[in-house]
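Here the structure comes first, spelled out in structure tokens, and everything after it is commentary.
So that the names make sense, note that chain A is the first sequence line, chain B the second, and so on, each numbered from 1. Heavy-atom basis, side chains included; hydrogens, waters and symmetry copies ignored. Every value quoted in this text rests on a predicted model; they were computed, and no experiment measured them.
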Amino acid sequence: MLTRHWISELPAHVGQRVAVHGWVMTTRSSGRIAFVVVRDGTGSLQGVIGKADVAPEVWERFTSLTQEACVRLEGSARADARSPGGVELSVTDLSVLGSSADFPITPKEHGTAFLMERRHLWLRSRRQIAIMRVRDEIIKAIRDFFYDRGFALVDTPILTGSIGESAGTLFETEYFDLGKAYLAQTGQLYLESACAALGKVYCFGPTFRAEKSKTRRHLTEFWMVEPEVAFSTSDDNMRLQEEFIAYIVARVLDRRKEELKELERDTSKLEAITAPFPRVSYTEAVAQLRTKGSSIEWGSDFGAEDESRLVEGRDKPVFIFNYPKSAKAFYMKENPDDPRTVLCNDCLAPEGYGEIIGGSQREDDHDKLLARIRHDGLAEEAYGWYLDLRRYGTFVHSGFGLGVERTVAWVTGSPHIREMIAFPRMMYRLYP
RNA sequence: UCCCGAGUAGCUCAGCUGGUAGAGCAGCCGGCUGUUAACCGGCGGGUCGGGGGUUCGAGUCCCUCCUCGGGAGCCA
């Protein structure tokens with residue numbers, strides 16, 4: 001029995017007889033010669049067979065292969081420039097390990113509704129594979145970035161009793177005799193507690209928003225990474241963000257060239273992503289927008305159109321900082337230089353990808369925080385533990401949240417966030 | 001929740017001011033020794049999203065419901 005090798009290992013076995021297992025991507029035949037391309041997750045390989053070179057039953061088996069059948073190919077590995085990947089297999093025998101009749105996703109055009117209904121099979125497509133590889137690289141880069149800088153990963157609960165922020169709609173479930181529980185839409189408040197224990201921390205997990213959003217930028221379940229740093233001001237926070245984003249982009253450029261090529265990503269756009277990023281205060285931004293014809297009033301948040309105007313013509317992400325208190329969450333620290341505003345920032349990605357980060361310095365004054373909780377009409381008793389952090393050694397601290405799927409969409413140059421996660425959860429999609 | 005748009009062959013779509021449905025691809029059969037979404041010839045394939053209405057006649061016009069897509073709001 002020949003030894004099975006992963007396709008990626010074959011360059012080291014040129015000239016040898018090997019076996020490969022994989023799924024059939026395409027077949028082509030030309031009378032007396034036939035080709036098959038198989039994929040095993042490490043790469044793809046073209047197998048060639050000549051009718052005159054093998055027994056008739058082997059030829060018959062080869063020419064009747066169907067798309068996505070799982071097969072074992074045996075033959076000799078050969079360097080061949082005509083073959084994609086440079087190595088080719090001269091097939092001497094083959095067997096079907098798992099048959100596949102009428103695979104629904106043919107190598108022709110399909111709409112996304114059709115493909116999403118078959119997401120479990122769509123994942124096998126080249127483009128989807130490339131996206132999943134880039135996502136994996138981004139996640140590994142995120143973990144390395146924080147680990148290398150002494151951050152501790154702290155996993156925060158997904159089932160929560162209190163409501164994280166005032167804004168947003170939460171998924172609800174019954175929780176034994178304790179009433180309602182909610183799926184977390186942020187780990188931040190818990191992370192602030194851990195921050196007082198470990199100094200530099202982050203959480204990274206799924207987060208849930210029950211908003212009835214139907215846009216290319218929204219999922220109901222998405223992954224968010226949230227660092228929190230003790231003794232860090234809003235300025236420090238933005239410096240961390242730009243270093244972080246530049247690191248992620250550089251890492252993908254370095255290690256996922258093949259995938260970016262498969263995705264036809266214009267990498268010059270990514271090469272431009274170096275710190276520092278431009279910073280515009282909210283107040284400045286409003287003034288700029290008004291000269292460009294926007295009807296925005298100071299005090300309200302930017303609409304989608306305003307947001308794209310702010311990024312227009314820039315080749316780097318841009319920070320918008322210090323928004324009006326009324327437009328932001330209760331936990332953000334009041335700006336001592338302008339108490340109408342809070343110390344916070346959004347980070348808008350270039351090329352129209354919009355907000356990928358929201359961050360802030362946190363309110364560390366007990367009484368001001370309590371006043372905000374009351375002002376926003378939040379259930380005060382649910383925040384007792386959170387207020388405790390301001391009673392026992394309160395401290396300056398800041399953090400932010402980065403949306404993983406939005407980041408993957410930007411880095412891969414994809415028009416829609418739903419392909420950035422294996423099984424997207426959207427308002428009208430719970431299957432597969 | 002609101003505003004647009006779309007549901008016609010397995011897939012992607014065309015079908016004009018109403019006259020009883022068409023293309024490309026896929027599939028199947030045949031041909032071709034180097035193909036890269038191969039190519040050439042042939043064949044089969046439809047309750048036009050559901051229901052109701054107008055009309056001699058509806059894929060086409062009207063009403064209604066369903067499903068999906070995009071956007072707004074909200075946010076990562």
Side-chain angles (χ1 to χ4, degrees), chain A residues 25-37 44-53 59 63-64 66-67 78 80-85 88 90 101-118 125-127 164-170 184-188 204-226 241 245 300-308 323 327-329 346-349 353-359 400-410 415-418 420-421 426-429:
Chain A
M25 297 170 76
T26 59
T27 60
R28 291 178 287 275
S29 97
S30 182
R32 282 171 211 142
I33 187 167
F35 303 89
V36 63
V37 179
S44 57
L45 172 73
Q46 175 164 274
V48 194
I49 196 163
K51 191 175 184 178
D53 306 330
W59 172 258
T63 51
S64 57
T66 53
Q67 192 189 351
R78 213 162 27 72
D80 193 316
R82 289 172 296 186
S83 183
E88 193 169 74
S90 294
D102 303 316
F103 190 73
I105 303 171
T106 58
K108 290 291 168 184
E109 54 199 329
H110 300 286
T112 45
F114 177 86
L115 291 166
M116 269 302 167
E117 199 63 24
R118 294 156 185 82
S125 306
R126 312 177 88 101
R127 180 180 166 81
E165 300 179 23
S166 51
T169 318
L170 296 138
Q185 59 170 352
T186 173
Q188 181 205 313
F204 192 5
T207 185
F208 306 89
R209 307 271 167 99
E211 279 129 7
K212 294 186 176 176
S213 302
K214 289 172 60 181
T215 81
R216 72 180 83 182
R217 298 182 308 282
H218 289 87
L219 297 170
T220 55
E221 176 182 314
F222 65 95
W223 284 65
M224 182 159 69
V225 56
E226 298 175 274
Q241 290 168 45
I245 289 176
S300 55
D301 209 345
F302 302 118
E305 204 179 315
D306 291 325
E307 214 177 86
S308 53
Y323 283 70
K328 289 291 175 182
D346 285 352
C347 179
L348 308 179
Y353 283 91
E355 186 177 343
I356 54 172
I357 281 181
F400 63 90
L402 172 105
V404 168
E405 288 77 15
R406 286 186 181 179
T407 304
V408 178
W410 167 47
H416 204 300
I417 195 174
R418 69 189 151 199
M420 305 302 116
I421 185 166
M426 294 173 292
M427 203 179 147
Y428 291 121
R429 179 146 309 277

Using the C1' atom in both, what is the distance from B/A21 to B/C13, to the nearest Å? 14 Å
ask   = Between B/C32 and B/C39, how far is it from one C1' atom to the other, in whole Å?
value = 9 Å
Euclidean distance for C1', B/C43 against B/U36 (whole angstrom):
28 Å
Heteroatom pairs (N/O) under 3.5 angstrom, protein to nucleotides 37-39 of chain B:
from	atom 1	to	atom 2	distance (Å)
B/A37	N3	A/P107	O	3.2
B/A37	N3	A/K108	NZ	2.9
B/A38	OP2	A/R28	NH1	3.1
B/A38	N6	A/S29	O	2.9

Ring pair (Phe, Tyr, Trp, His ring centres under 6.0 Å) filter on A/F103, not counting sequence neighbours, yields none
Review point. P atom, B/U35 versus B/G71: distance in rounded Å?
Key: 42 Å
Mate of B/A76 across any strand shown (Watson-Crick or G-U wobble, both atom pairs under 3.5 Å) is none
Taken to the nearest whole Å, CD/A/E211 to C1'/B/C74 is 5 Å
To the nearest angstrom, the CG-P distance between A/L115 and B/C11 comes to 11 Å
Polar atom pairs (N or O), protein with nucleotides 42-45 of chain B, under 3.5 Å:
none

*B/A76 pyrimidine/purine six-ring stacking with A/F222, under 5.5 Å and 30°*: yes
Pairing partner of B/G7, by Watson-Crick or G-U wobble and under 3.5 Å for both distances, is B/C66
Short heteroatom pairs, N/O only, protein and nucleotides 66-72 of chain B, under 3.5 Å:
from	atom 1	to	atom 2	distance (Å)
B/G70	OP1	A/H416	NE2	2.6
B/G70	OP1	A/R418	NH1	3.1
B/G70	OP1	A/R418	NH2	3.2
B/G71	OP1	A/R216	NE	2.2
B/G71	OP1	A/R216	NH2	3.0
B/G71	OP2	A/R216	N	2.7
B/G71	N7	A/K214	O	3.2
B/A72	OP2	A/R217	NH2	3.2

Query raised in the report: Is there a donor in the side chain of A/R78 and an acceptor in the side chain of A/S90, or the other way round, less than 3.5 Å apart?
Result: yes
Q.
Distance check, C1' atoms only: B/G46 and B/A23, in whole angstrom units.
A. 14 Å
Residues at least two apart in sequence or cross-chain that pass ring pair (Phe, Tyr, Trp, His ring centres under 6.0 Å) with A/H110, listed by chain then number, are A/F114
Taken to the nearest whole Å, CG/A/D53 to P/B/U33 is 14 Å
When rounded to whole Å, the CD1 to P distance for the pair A/I417 and B/C75 reads 16 Å
Handout entry: Distance, C1' atom - from B/G49 to B/A58, rounded to whole angstrom
Key = 16 Å
Distance check, P atoms only: B/A26 and B/C75, in whole angstrom units. 48 Å
Can you check the distance between B/C28 and B/G44, where both ends of the measurement are the C1' atom (answer in whole Å)?
8 Å
task = In plain terms, say whether A/E117 and A/R429 are close enough for a salt bridge, that is, a side-chain N and a carboxylate O under 4.0 Å apart.
result = yes
Comparing A/R32 with A/R118, nearest RNA chain B nucleotide closer to 5' gives the residue A/R118
Taking N and O atoms by type only, does the side chain of A/H218 place a donor or acceptor under 3.5 Å from a partner on the base of B/C75? yes
Across every strand shown, the nucleotide meeting Watson-Crick or G-U wobble geometry with B/A23 (both distances under 3.5 Å) is B/U12
Taken to the nearest whole Å, CZ/A/R209 to P/B/G73 is 16 Å
*asked:* Quiz question: by atom type and distance under 3.5 Å, do the side chains of A/T186 and A/E226 form a donor-acceptor pair?
replied: yes
Between A/D53 and A/R32, is the closest basic N to carboxylate O distance under 4.0 Å?
-> no
Sorted by chain and residue number, the ring pair (Phe, Tyr, Trp, His ring centres under 6.0 Å) partners of A/F302 (sequence neighbours excluded) come out as A/Y282, A/Y323
Q) When only distance counts, do a donor and an acceptor, one from the side chain of A/Q67 and one from the base of B/G27, lie under 3.5 Å apart? A) no
